[in-house]
Amino acid sequence: MTDLSQLEADLSARVAAVQDLAALEAVRVEALGKTGSISELLKTLGRLSPDERREQGPKINGLRDAVTLAIAARKDHLETAALDARLAAERVDLSLPPPPERRGRVHPTMQVMDEMIAVFADLGFSLAEGPDIEDDFHNFTALNFPPRHPAREMHDTFWLPEDEAGQRKLLRTHTSPVQIRVMQQGQNHKLPGWIATSQSPPIRIIVPGRTYRSDSDATHTPMFHQLEGLVIDRNIHMGHLKWTLDTFISRYFETPVVETRFRPHHFPFTEPSAEMDVKCDRSGRDVKIGQGDDWLEIVGCGMVHPNVLANCGLDPDEWQGFAFGFGVDRLGTLKYGMPDLRDMFASDVRWLEHYGFSAFQAPNPATGLS
Ligand code: DAH
């Protein structure tokens with residue numbers, strides 16, 4: 001007869017001695033597997049007399065339960081030890097610097113647009129928008145460009161193919177057509193919601209947006225951005241225009257002193273027309289506004305032509321106003337010192353990382369813009 005207590009002592013010793021789960025499994029199979037030592041003992045119970053079975057049964061079953069428990073306890077211990085060892089080996093070193101993170105940047109054009117909008121909003125202007133695809137009427141005719149006038153050719157227009165109605169649309173060459181959309185009385189009721197609807201005077205709007213001309217060199221790109229301004233009221237004169245532009249230039253360039261001059265020019269939609277120049281220093285690599293003795297052309301402007309007002313259904317004897325058109329990208333190159341306008345649209349990530357802006361900026365005291 002097998003010595004049960006000796007067998008239990010042997011198995012317990014072996015269970016306690018194993019150092020890994022594979023060795024523990026081997027001991028389990030040896031004792032409790034199909035032909036294991038305890039399983040064999042259990043098989044003998046069937047051949048015993050009822051009295052012997054009553055005596056041996058509980059002992060052998062007790063042995064099986066004790067060994068089963070010992071194996072489970074050892075398994076638990078080995079698993080915990082293995083986990084502890086892994087945790088120690090794989091510990092994250094929180095003192096290491098994080099890997100470099102690539103953050104998106106705000107494109108300089110969008111930054112400049114926001115800065116411009118903030119300054120004009122502060123002066124009481126509201127925002128208007130129009131479509132990039134325009135018709136000849138809004139882009140030229142209503143703005144007093146005579147038919148077959150050379151000014152039309154000077155705009156290097158991108159024309160679209162003729163549509164079903166026989167009309168040739170175009171990519172707007174300037175933001176000025178939105179002046180027409182805003183001033184045209186009783187119009188625009190079928191247009192999508194974001195397009196400016198007509199307003200009755202007094203009008204005080206700015207129009208930021210994309211514009212297109214078939215042109216490309218260091219200071220011209222086929223797509224660029226303009227910001228148009230329009231003020232219509234009674235008794236508006238060029239003094240209002242000069243104050244508005246001077247104030248804008250001083251706030252935008254963050255210089256308290258700006259000296260500007262009107263230089264006579266021609267635009268079909270204004271009379272008189274002017275280009276405004278600003279005093280600056282061009283001796284260094286960057287243009288410095290508010291210093292030096294050079295002049296730099298900065299914006300086209302003028303008093304809205306009576307024909308334009310009449311084309312929109314406004315009486316020129318009752319209403320006058322001024323208008324202006326800035327090149328947004330160019331204003332960005334001047335303020336932030338970019339040598340070539342074309343880089344603005346090259347989508348070079350290294351350039352954007354250098355010239356782009358953080359989306360999380362401290363508020364700018366000059367513009368109030370964050
Ligand atoms: N539309 C002109 C351009 O594209 C800019 C301009 C000049 C706009 C004078 C105006 C203005 O509103 O009054 O060059």
Side-chain angles (χ1 to χ4, degrees), residues 116 120 125 127-132 134 136-146 149-158 170-184 196 203-215 217 219-233 236-246 248-249 260-278 296-309 311-312 314 316 319-331 341:
M116 296 178 78
F120 281 113
F125 285 77
L127 215 66
E129 284 187 290
D132 289 16
E134 264 298 0
D136 180 272
F137 176 78
H138 289 93
N139 198 83
F140 292 125
T141 306
L143 284 163
N144 198 37
F145 285 78
H149 189 275
R152 289 185 189 234
E153 314 311 319
M154 277 157 55
H155 271 211
D156 298 313
T157 311
F158 285 114
L170 53 93
L171 293 178
R172 66 177 176 191
T173 58
H174 50 174
T175 41
S176 306
V178 186
Q179 287 188 27
I180 303 302
R181 292 185 176 277
V182 170
M183 283 192 286
Q184 229 179 2
I203 293 169
R204 209 185 287 167
I205 52 148
I206 47 165
V207 183
R210 277 187 290 268
T211 46
Y212 308 83
R213 289 183 204 180
S214 179
D215 206 354
D217 59 37
T219 52
H220 296 88
T221 50
M223 192 277 292
F224 56 109
H225 298 81
Q226 287 191 341
L227 187 133
E228 187 89 7
L230 175 72
V231 169
I232 302 288
D233 206 336
I236 294 286
H237 55 71
M238 274 189 99
H240 297 123
L241 172 60
K242 181 163 169 57
W243 181 87
T244 304
L245 293 178
D246 281 359
F248 168 77
I249 291 166
T260 58
R261 71 176 181 195
F262 280 136
R263 191 167 27 76
H265 198 74
H266 172 76
F267 298 107
F269 36 90
T270 42
E271 181 58 38
S273 302
E275 279 188 332
M276 185 179 249
D277 298 339
V278 64
L296 183 76
E297 179 247 308
I298 205 142
V299 56
C301 56
M303 301 306 292
V304 178
H305 197 292
N307 288 352
V308 174
L309 294 168
N311 288 341
C312 297
L314 293 173
W319 303 106
Q320 310 93 52
F322 64 77
F324 53 84
F326 281 101
V328 175
D329 318 287
R330 198 173 106 77
L331 230 48
L341 189 73

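Start at 1 and go down the list; that is how both ligands and their atoms are numbered. None of the values given here were measured: they were computed from a predicted structure.
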R210 atom CZ: more than 12 heavy-atom contacts under 6.0 Å: no
I need the atoms of ligand 1 closer than 4.0 Å to a non-hydrogen atom of [X], numbered in the order shown.
{"X": "S176", "answer": "1 (N), 8 (C)"}
{"X": "G300", "answer": "7 (C), 9 (C), 11 (C)"}
{"X": "G302", "answer": "13 (O)"}
{"X": "T270", "answer": "13 (O)"}
{"X": "Q226", "answer": "3 (C), 4 (O)"}

For [X] and ligand 1, does the shortest N/O to N/O distance drop below 3.5 Å?
{"X": "Q179", "answer": "yes"}
{"X": "F267", "answer": "no"}
{"X": "H174", "answer": "yes"}

Nearest-0.5 Å distance, [atom1] of residue [X] to [atom2] of residue [Y]:
{"X": "H225", "Y": "Y212", "atom1": "NE2", "atom2": "OH", "result": "7.5 Å"}
{"X": "M303", "Y": "T270", "atom1": "CE", "atom2": "OG1", "result": "10.0 Å"}
{"X": "H220", "Y": "R330", "atom1": "NE2", "atom2": "CZ", "result": "9.0 Å"}
{"X": "I249", "Y": "T244", "atom1": "CD1", "atom2": "OG1", "result": "10.5 Å"}

Taking [atom] as the reference point, the nearest protein heavy atom with its distance:
{"atom": "atom 3 (C) of ligand 1", "result": "R213 NH2, 3.5 Å"}
{"atom": "atom 13 (O) of ligand 1", "result": "A323 O, 3.1 Å"}
{"atom": "atom 12 (O) of ligand 1", "result": "E228 OE2, 2.6 Å"}

So that I know where these two stand, are [X] and [Y] an aromatic pair - ring centroids less than 6.0 Å apart?
{"X": "F262", "Y": "F322", "value": "no"}
{"X": "F248", "Y": "F326", "value": "yes"}
{"X": "H174", "Y": "F269", "value": "yes"}

R172 and ligand 1 - part of the residue with a heavy-atom distance under 4.0 Å: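 R172 to ligand 1: no contact under 4.0 Å from either part.
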Criterion side chain to side chain contact (heavy atoms under 4.5 Å, CB included) against I205, the qualifying member of V182, I232, V231, L127: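 When side chain to side chain contact (heavy atoms under 4.5 Å, CB included) is applied between I205 and each of V182, I232, V231, L127, only V182 qualifies.
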Any F269 heavy atom less than 4.0 Å from ligand 1: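 It does; at least one heavy atom falls under 4.0 Å.
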Any E271 heavy atom less than 4.0 Å from ligand 1: no
For atom 6 (C) of ligand 1, the option (of G229, S273, G325) bearing the nearest heavy atom: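 Minimum heavy-atom distance to atom 6 (C) of ligand 1 goes to G325.
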Closest contact, heavy atoms only, V299 versus L245: CG1-CD1, 4.0 Å
